[in-house]
Amino acid sequence: MDCPVCKNAMITLELEDVEIDHCTDCGGIWLDAGELELLLDNPQQAKKLLDSFKIDSRSAEKPRKCPICLKKMQKIIVSLSTPALLIDKCRKGDGLWFDKGELQNILNTAQLDEDNKIQKLLAGMFGHNQKNQN
Ligand SMILES: [Zn+2]
Ligand SMILES: [Zn+2]
């Protein structure tokens, strides 16, 4: 799969038995449909997060193409995070794209990762440069 931002091939990482795709150039993360729920390991928290997604039809950000179906993705506002973040979502539901640090930011500020399990995994995986964001 190619990165929707820089078009380079992404690498697959295993996080808690969930395979995620990661671009080592821009630091973005692609989650296939359902992987966010698997990562959070808590259906209620996952629902809370997914329910906070709002389609941003007026976004000035350039649309990106889904790495699976290659169609333009929708901009989604994640209002649960502070400040609200803009992520990309495939209209057909293939998955979600997070720019560098966005997934960590959402998990942090929405308090979905209570014991910092995912934070620690991501920090260990991506190196020291992610730790400054806490
Ligand atoms: Zn990239
Ligand atoms: Zn797609």
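Order of appearance sets the numbers: ligands from 1, and atoms from 1 within every ligand.
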Protein N/O/S atoms closer than 2.8 Å to the Zn ion (ligand 2)
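Atoms qualifying: Cys66 SG, Cys69 SG, Cys90 SG, Asp94 OD2.
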Check the pair Trp97 / Cys3 against side chain to side chain contact (heavy atoms under 4.5 Å, CB included), numbers first and verdict last.
CA-CA 9 Å; Trp97 173 257; Cys3 170; 3.7 Å; yes
Which N, O or S atoms belonging to the protein are less than 2.8 Å from the Zn ion (ligand 1)?
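Checking every protein N, O and S atom gives Cys3 SG, Cys6 SG, Cys23 SG, Cys26 SG.
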List for me each residue that meets side chain to side chain donor-acceptor pair (under 3.5 Å) alongside Asp17, sequence neighbours excluded, and say none if there are none.
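Counting only residues at least two positions away or on another chain, Asp17 forms no side chain to side chain donor-acceptor pair (under 3.5 Å).
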Side chains of Asn105 and Phe98, heavy atoms from C-beta outward: is any pair under 4.5 Å?
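Of all side-chain heavy-atom pairs linking Phe98 with Asn105, none is under 4.5 Å.
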Are Glu102 and Leu96 packed together at the side-chain level, in the sense that at least one heavy-atom pair is separated by less than 4.5 angstrom?
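No, too far: nothing below the 4.5 Å cut-off.
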Shortest non-hydrogen separation from Leu80 to Ser52 and the atoms involved
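So the minimum-distance heavy-atom pair works out to CB-OG, 3.4 Å.
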Heavy-atom pair of closest approach, residues Cys6 and Asp25
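Nearest pair, atom of Cys6 first, then Asp25: SG-CB, 3.9 Å.
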As an exercise, state the distance from CD1 of Ile29 to CD1 of Ile20, rounded to the nearest 0.5 Å.
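Ile29 atom CD1 to Ile20 atom CD1 measures 4.5 Å (nearest 0.5 Å).
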For residues 66-78, which side-chain donor-acceptor pairs fall under 3.5 Å, sequence neighbours excluded?
residue	atom	partner	partner atom	Å
Lys75	NZ	Glu61	OE1	2.8
Lys75	NZ	Lys62	O	3.2
Lys75	NZ	Asp88	OD2	2.7

Would you call Asp99 and Arg64 a salt bridge, taking side-chain N to carboxylate O under 4.0 Å as the test?
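Salt bridge present between Asp99 and Arg64.
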